[in-house]
There are 4 protein chains.
Amino acid sequence: MNPVRVGIVGLGRLGRRHAENLAWHVPGAKLAAACSPVREEREWAASGVPELALYADYDELLADASIDAVWLVTPTSLHARQIIAALRAGKHVFCEKPLSLDLAECDAVIEAHARHPHLQVMIGFVRRFDASYRDAFDGIAKGVIGRPFMVRSQTCDKNDPDGFFVRFAPTSGGLFLDCSVHDIDLARWLLGNPRPKRVVASGTIAIHEGLRECGDIDNGVGTIEFDDGRLAVLYASRTMAHGHDTQTEVIGTAGALSVGRNPRANRVEIADAQGMRNTCTPTFFERFEDAFLREAQAFVVSLTHGTPTGLTLDDAREATRIGIAMREAYERGRAVEL
Amino acid sequence: MNPVRVGIVGLGRLGRRHAENLAWHVPGAKLAAACSPVREEREWAASGVPELALYADYDELLADASIDAVWLVTPTSLHARQIIAALRAGKHVFCEKPLSLDLAECDAVIEAHARHPHLQVMIGFVRRFDASYRDAFDGIAKGVIGRPFMVRSQTCDKNDPDGFFVRFAPTSGGLFLDCSVHDIDLARWLLGNPRPKRVVASGTIAIHEGLRECGDIDNGVGTIEFDDGRLAVLYASRTMAHGHDTQTEVIGTAGALSVGRNPRANRVEIADAQGMRNTCTPTFFERFEDAFLREAQAFVVSLTHGTPTGLTLDDAREATRIGIAMREAYERGRAVEL
Amino acid sequence: MNPVRVGIVGLGRLGRRHAENLAWHVPGAKLAAACSPVREEREWAASGVPELALYADYDELLADASIDAVWLVTPTSLHARQIIAALRAGKHVFCEKPLSLDLAECDAVIEAHARHPHLQVMIGFVRRFDASYRDAFDGIAKGVIGRPFMVRSQTCDKNDPDGFFVRFAPTSGGLFLDCSVHDIDLARWLLGNPRPKRVVASGTIAIHEGLRECGDIDNGVGTIEFDDGRLAVLYASRTMAHGHDTQTEVIGTAGALSVGRNPRANRVEIADAQGMRNTCTPTFFERFEDAFLREAQAFVVSLTHGTPTGLTLDDAREATRIGIAMREAYERGRAVEL
Amino acid sequence: MNPVRVGIVGLGRLGRRHAENLAWHVPGAKLAAACSPVREEREWAASGVPELALYADYDELLADASIDAVWLVTPTSLHARQIIAALRAGKHVFCEKPLSLDLAECDAVIEAHARHPHLQVMIGFVRRFDASYRDAFDGIAKGVIGRPFMVRSQTCDKNDPDGFFVRFAPTSGGLFLDCSVHDIDLARWLLGNPRPKRVVASGTIAIHEGLRECGDIDNGVGTIEFDDGRLAVLYASRTMAHGHDTQTEVIGTAGALSVGRNPRANRVEIADAQGMRNTCTPTFFERFEDAFLREAQAFVVSLTHGTPTGLTLDDAREATRIGIAMREAYERGRAVEL
C-alpha cells in the first residue's frame with residue numbers, strides 16, 4: 001500500500017510539531033511537501049526532512065498532483081478558504097481547530113465538502129485523541145459512571161507575562177472561541193452530542209488590561225444548558241501561575257470521571273522545605289504532545305482504511321456556534337438562547 | 001473565670017454532636033441545660049451529661065437565669081423567632097446555618113440584635129472554622145496567590161437512595177439555599193466581602209424526580225458576578241456516588257489555593273485489583289467534625305474574651321440574599337441583578 | 001460513675017499536650033495532680049487547670065491517695081523504676097514509649113505488674129490509636145489485602161538544623177530504639193504478632209557528624225525476618241527536609257494498604273510557579289495530635305470499663321528487644337539472630 | 001547522512017515493540033533485517049515492515065554486510081556469545097538487559113569490546129531513558145535535593161495467577177537478578193556510581209510455592225551499603241494485585257525526589273462507591289513504552305553522532321555483580337562483602 005503523501009501548510013511552532021510527526025512517526029504517511037511564505041520556515045523543513053517539495057505559495061502546493069492531503073496549521077482566518085480550495089483540488093484536509101470564527105464560513109466549508117464526499121476533512125480537536133480522554137470516553141460508554149449528566153471542563157493557560165496573546169486577541173475570536181471551544185467539543189463528545197438550549201457566561205480581566213480595548217477577557221466562565229437538562233460548566237483562563245491546566249470532569253448518576261485534575265508534568269514528586277510537590281505541564285504542547293501524534297495517526301488510518309475518526313465538520317461548526325453564543329452572553333450580561 | 005453556661009436547643013443528630021462538644025471538649029463552657037420537645041432526646045442528654053437541666057419548652061429554658069447562652073440546632077423556620085426571643089431574654093446565641101430563608105426575617109433578627117449590642121449572635125458557617133479553610137484564608141491574606149479574583153466552590157452530598165431529603169425539600173429553601181449558602185459565605189469570606197452584582201444559575205434533576213413537584217433540583221450550578229469584576233462559580237449536588245465532596249478553589253493572580261480536592265476519609269490508600277484508591281468522607285459530619293468543635297471553641301472564646309469571630313449577622317443575611325437570587329435565576333432561566 | 005483521677009508526671013512539650021487532653025477532652029478523666037521538678041512547669045499547670053494538686057517530687061504524688069493513675073511523660077531512663085513504684089503505690093500507669101532501653105528493666109516491670117494484676121499499665125505506642133492506622137488495621141482484619149506478608153514502615157523527622165537531638169543522642173538508645181521502635185510495634189501489630197527470627201540493619205550519617213562520637217546515625221534502615229517468612233522493612237531518619245514523614249505500607253496477597261504516603265499537613269493544595277504542592281506535618285505532634293487524644297480516651301475507657309486496649313507490656317518489651325537487635329546488627333555489620 | 005541499518009534479533013513480545021520503534025519512530029534508523037528461528041515471528045515482521053531481510057539464523061544475519069547494528073532481544077543465556085559474535089562481525093550492538101547472569105561472561109564481553117573500541121555496545125537499562133527518571137536525574141544534578149545519600153527503589157510486577165514466570169524461574173537468575181538489577185542500575189546512576197561494600201537481602205514466597213524447588217522467591221528485599229556510607233534499599237515482587245509498580249525515591253540532605261509513587265495508568269481518576277481511584281499500569285510495557293522509544297533513539301543518535309549514552313558495559317557488569325551478591329546474601333542468610 002502506498003503511503004499517503006502529505007503537504008504541510010504553516011511551519012510555526014505547532015506546524016513544526018505536526019511536520020516532525022508526519023515525517024517520522026506516522027506509519028502510512030509520507031511528508032512530501034511543505035508550504036510556508038516564510039523562507040526560514042521552508043529552510044527548517046528542508047534541512048530536517050528528506051525528499052521534501054517546498055512551496056511558498058498555497059496554490060502551487062495544491063497544483064502538485066502527487067500530494068494526497070494537506071495539513072493546515074495556518075491562522076484561523078484562512079482555514080475556510082484554504083479547506084475549500086483543497087477540496088476543489090481533490091485533496092483530503094486536516095485543519096487545526098477552530099474551523100472558523102464565523103458560522104457562515106463553517107457552512108460554506110460544509111457545503112463544499114458535500115460536493116466532494118469522497119474526500120475527508122478533519123478539524124483537529126486534539127483532545128479527543130489523548131489517551132486519558134479516550135480512556136474516560138470508553139469508561140463512560142461502558143457505564144462506569146451511570147448516566148452522565150454534567151461536564152465541568154477548563155482550558156487554562158500559563159500566564160505569559162509578556163502578554164504576547166494580547167496582540168493576538170483582536171483576531172483570536174476572544175477567550176471563549178479560542179480556548180473554550182475545546183471544552184465545548186469535549187462536553188458534546190463526552191455527553192453524546194446533546195442539543196444546546198441556552199448559554200450564560202461571565203468574565204473578568206485579572207491581569208491583562210490591554211484586552212479591554214478589544215472587549216476580550218483573560219478569565220471567563222460559562223454554562224451550557226442542553227435541552228435534555230444536562231449541563232456543561234466551562235472555565236478558560238490565560239493567567240495560571242502553575243502551568244497549562246486543562247482538566248475535565250464528567251459527573252454521572254453512579255460516579256464521576258475526571259481527566260487531568262493535577263496537571264503534573266511527569267511522574268516525579270519533590271519533597272523539600274516547601275512540602276510535597278510536582279511540576280506542571282508548561283504549555284499545551286507538553287500536555288498533548290502524544291495526542292497530536294495519535295491524532296495524525298488516526299487521520300492517516302482513516303484515509304487509508306476509510307474508518308471514520310468520529311469527528312465531523314458538524315462537530316466543528318457546533319463548537320464555533322456555541323462559542324459565539326458564550327461570547328455574546330458575556331458581552332450582553334444575559335442568557336443567550338440557541 | 002466562671003464557665004459560660006450553655007443551653008442547647010434541639011438534640012437531633014447534629015444537635016447531639018454539638019452537645020457532646022460543649023459537654024466535654026470546649027474549655028470555658030459548661031453544658032448546663034438541654035431543651036427538646038422529644039422525650040428520648042432529653043433522656044439521651046440526661047444519661048450522658050452530668051448536672052444538666054432539662055426543658056421540653058424553649059421559653060422555660062429562656063426563663064432559666066443561670067443560662068448565659070443558647071445553642072440553636074433547630075429547624076431553619078424557627079431560627080429567627082428563637083434568636084429574637086433569646087436576645088430579649090438576655091442570652092447570647094449560637095444558631096446553626098442558615099439564619100433564615102426569608103430576608104425580612106433576617107432583617108428582624110439584625111434589628112433585634114441592634115437593640116442588644118452587648119449580646120453576641122453567631123450563625124454557624126462551620127467551614128470558616130475548619131483547619132484547612134483557615135489555612136487557606138491565612139495563605140490568601142499573606143499574599144500566597146496574589147490578588148484572588150475567582151472562587152470555585154462546591155457542596156456535594158452523597159446520594160441517599162432513599163431520598164429522605166426529597167420529603168424535606170419543600171421546607172429546605174431548595175438546593176441553593178440549603179447547600180450553596182455555605183459556598184456563598186466561603187466565597188465572600190475568601191474574597192474579602194465584595195458586593196454581588198448579578199447572579200445566574202442552572203439546574204437539573206439527575207436522579208430524584210420527586211423534587212420536580214416542589215420546583216427543586218438535585219444538581220445546580222451558578223455564578224456570582226461581584227461589582228469589582230470578581231467571580232464565584234458554585235456547584236451543589238445531592239447525588240454524589242463517592243461521598244460528601246466539599247471543595248473550594250481560590251484563584252489569584254500569582255497562584256491558586258484549593259481545599260479538599262480529594263475528599264479523602266483519612267490517610268489510608270488501598271492498592272488492589274481496581275487500582276489505587278482512597279475512601280471518601282461519607283457525610284459532612286465526618287468532613288467537618290473537627291470544625292464543629294473549633295467553631296464552638298471560637299464562639300465560647302468570643303463570649304469570654306470579647307474577641308470577635310469575624311462572622312456577623314450581615315454575613316448570614318448576605319448568604320441568604322444571594323442564595324435567594326440564585327434560586328430565582330434558576331427558576332426564571334435568566335440573570336438576576338442584585 | 002466517678003472520674004478517674006489522674007496525676008501527670010513530666011510537663012515538657014509532650015507532657016503539656018497530655019495534660020491538656022486529660023484536663024479538657026477525656027470523658028471520664030479528671031486531671032487532679034501534676035508533678036514536675038521544674039517550677040515553671042508546675043506554674044504552667046496551675047494556671048491552666050482548676051483544682052490541681054502540684055508536686056515537685058514523684059514519691060509525694062504516689063503518696064496522694066486520691067490519685068488513681070499516673071501518666072508518665074518522663075525521660076526513658078526513669079520509666080521502669082517509676083512504673084514499678086506506681087504499681088507498688090496501687091496506681092494504674094500510662095507511660096510514654098519506649099518502656100525502657102534495657103531488656104532487664106522491661107522484665108522487672110513485667111514481673112512487678114504480675115504482682116499487681118488488677119492494675120493496668122499501658123505504654124503509649126500512640127500510632128495504634130491514630131484513626132488512619134486503626135482503619136488500616138481493621139481493613140486488614142477484614143481481609144481487604146488478603147494475607148499480609150510484608151510491612152514497610154518509616155519514622156522520619158524533619159531535620160533540626162540546630163541538631164538539638166545530637167546532645168540527646170547518648171541517652172536516646174540510638175536511632176533504632178528511639179524511632180524505629182514505633183515501626184517495630186506497628187509491624188508486629190499489623191502482621192498479628194509473628195515471632196522475629198533475624199534482623200539486619202544499615203545506617204549512615206547524612207548531616208549530623210556529631211553523632212559519630214556516640215556511635216549513632218541520622219539515617220538507618222533495617223529488615224526483620226519473622227519465622228513464618230514474613231518481613232518488615234524499616235527506615236528511620238532525623239534529616240527530612242519536608243517535615244515529619246511517618247508512613248507505613250502493608251502488602252498482602254490480594255492488595256496493599258498504606259498510611260500516610262503523603263505527609264500532608266491538611267487538605268490545602270497550592271498551585272503556583274513551583275507546581276502543585278501541599279505542605280507537610282512539621283513534627284509528630286501535628287501528625288498524631290488526634291491520636292494522642294484517642295490514646296488517652298482509650299486508656300481511660302479501659303480503666304473505667306475494664307476493656308483492654310490491646311497493648312500489653314509484652315508488646316513494649318518486644319519492641320525494645322527487636323530495636324536492640326537492630327542496633328547490634330548495624331554496629332556489627334551482620335545479621336543478628338533472635 | 002545514511003540511516004543506521006539495524007537487524008533485530010528475537011521477535012517475542014518485547015522484540016516486536018523494538019521492531020516497531022525501529023521501523024517507524026527512530027529518525028536516523030532503518031530496520032533492515034529481522035532474525036528469528038520462529039517462522040511466525042519472521043512472517044509477522046515481513047508483513048509489517050517494508051524492504052526487510054529475514055534470517056532464521058543469527059550467523060547469516062551477521063554475514064549480511066549491509067547491516068550496521070544488531071538489536072538483541074533474545075534470552076539472557078545467549079547475550080554474551082551473541083554480542084561477542086556481533087563485535088567480531090563488525091556490528092554495533094544493542095542488547096536487552098541483563099548483560100549476563102554470569103560474571104565471567106560479562107568480563108568476556110568487556111574484553112571483546114576492548115578489541116573493537118570503535119563499535120558501540122549498549123545494554124538496555126531502559127529506565128535511564130524514561131522522561132521522569134531523566135527529570136529526576138537532572139534535578140539531582142542541579143542540586144535540588146542537596147547531596148543524595150539514599151535510594152529506595154522497587155520493581156514490582158502484577159501477579160500472574162497462571163504463574164507463567166515460575167516455569168521461567170530456573171533460567172531467570174532469580175528475583176534479584178531478573179528484577180532488582182534495574183534498581184541496582186538506577187541506584188548507581190542516581191548516586192553517581194559509588195562502590196558497593198556490602199549487601200544483605202531477605203525474601204519470602206507469598207503466593208508461588210512452585211518457586212521453592214529452584215530456590216527462588218516471589219518477594220525480596222535487600223540493602224546495598226556503598227563504601228562512602230550511602231545506601232540503597234531495594235524491593236522486588238512478582239505478586240502485586242494492582243499492577244506493575246516501579247518506583248524510586250532518592251533522599252538527599254536538602255530534599256527527596258521520587259518517581260512513580262502512584263503507578264497511575266494515565267490522567268483519569270474515578271469517583272464512585274469505592275472512593276477516589278486511578279487504575280495502574282498493568283505491565284512494564286505500558287509503564288516504559290515511551291522509554292523504550294527514547295532508548296532506541298538515544299542509541300541511534302550515539303551511533304550517528306558519536307555521543308555516548310552514559311551507559312557502559314561496566315555498568316551492566318556491576319548490576320550483575322551486585323545482583324549475584326544479593327542472591328547469595330538471601331541464600332546464606334547473612335551479609336555478603338563485595
Side-chain angles (χ1 to χ4, degrees), chain A residues 1-3 20-21 23-29 48-50 130-140 144-146 246-279 281 286-287 289-290 293 297, chain D residues 1-3 20-21 23-29 48-50 130-140 144-146 246-279 281 286-287 289-290 293 297:
Chain A
M1 191 184 303
N2 290 329
E20 286 169 343
N21 281 341
W24 300 111
H25 300 304
V26 181
V49 183
D130 175 69
S132 294
Y133 276 104
R134 181 66 60 174
D135 186 38
F137 180 87
D138 292 344
I140 293 166
V144 164
I145 60 168
T246 283
Q247 50 180 276
T248 301
E249 189 181 6
V250 189
I251 305 169
T253 51
L257 268 166
S258 65
V259 177
R261 293 214 311 164
N262 179 332
R264 49 178 58 83
N266 53 35
R267 293 177 187 268
V268 174
E269 285 180 342
I270 303 161
D272 62 14
Q274 299 179 49
M276 290 284 288
R277 66 188 161 96
N278 59 266
T279 58
T281 46
E286 290 78 12
R287 171 62 185 88
E289 180 175 12
D290 198 54
L293 175 56
Q297 292 170 338
Chain D
M1 193 185 302
N2 289 328
E20 287 169 343
N21 281 341
W24 300 111
H25 299 304
V26 181
V49 182
D130 175 69
S132 295
Y133 276 104
R134 181 67 59 175
D135 186 38
F137 180 86
D138 292 345
I140 294 165
V144 164
I145 60 168
T246 282
Q247 51 180 273
T248 302
E249 189 181 6
V250 189
I251 305 169
T253 51
L257 268 167
S258 65
V259 177
R261 293 215 311 164
N262 179 331
R264 49 178 59 85
N266 53 35
R267 293 177 187 267
V268 174
E269 285 181 342
I270 302 162
D272 63 13
Q274 299 178 49
M276 292 284 289
R277 66 187 160 97
N278 58 266
T279 58
T281 46
E286 291 79 12
R287 171 63 185 87
E289 180 176 11
D290 198 55
L293 175 56
Q297 292 171 338

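Below, read A as the first sequence line, B as the second, and so on, with proteins coming before strands; counting in each chain starts at 1.
Contact of D:P263 with chain A is made through the backbone alone, with heavy-atom distances under 4.5 Å. Looking at D:V250, there are no atoms closer than 4.5 Å to chain A (heavy atoms on both sides), in backbone or side chain. Of the two parts of D:N262, only the backbone, made up of N, CA, C and O, holds a non-hydrogen atom closer than 4.5 Å to a non-hydrogen atom of chain A. Interface remark: D:R287 contributes side-chain atoms only to the contact with chain A (heavy atom separation under 4.5 Å). For chain A, no part of D:Q274 is nearby; none of its heavy atoms comes within less than 4.5 Å.
Most heavy-atom pairs under 4.5 Å with chain D, from the set A:E20, A:E249, A:Q247, A:H25: that is A:H25. In terms of non-hydrogen atom pairs under 4.5 Å with chain A, the most contact-rich of D:G255, D:A131, D:A23, D:A136 is D:G255. For the set D:V259, D:N278, D:D290, D:V268, the entry with the most heavy-atom pairs within less than 4.5 Å of chain A is D:V268. Heavy-atom pairs under 4.5 Å with chain A were tallied for D:P50, D:G146, D:A254, D:S132; the largest tally goes to D:S132.
Put simply, CG on D:D135 and CD1 on A:I270 are 7.0 Å apart, with the number rounded to the nearest 0.5 Å.
Screening residues 263-272 of chain D for salt bridge (charged side-chain N to carboxylate O under 4.0 Å, His left out), with sequence neighbours left out, gives A:R261-D:E269, D:D272-D:R277.
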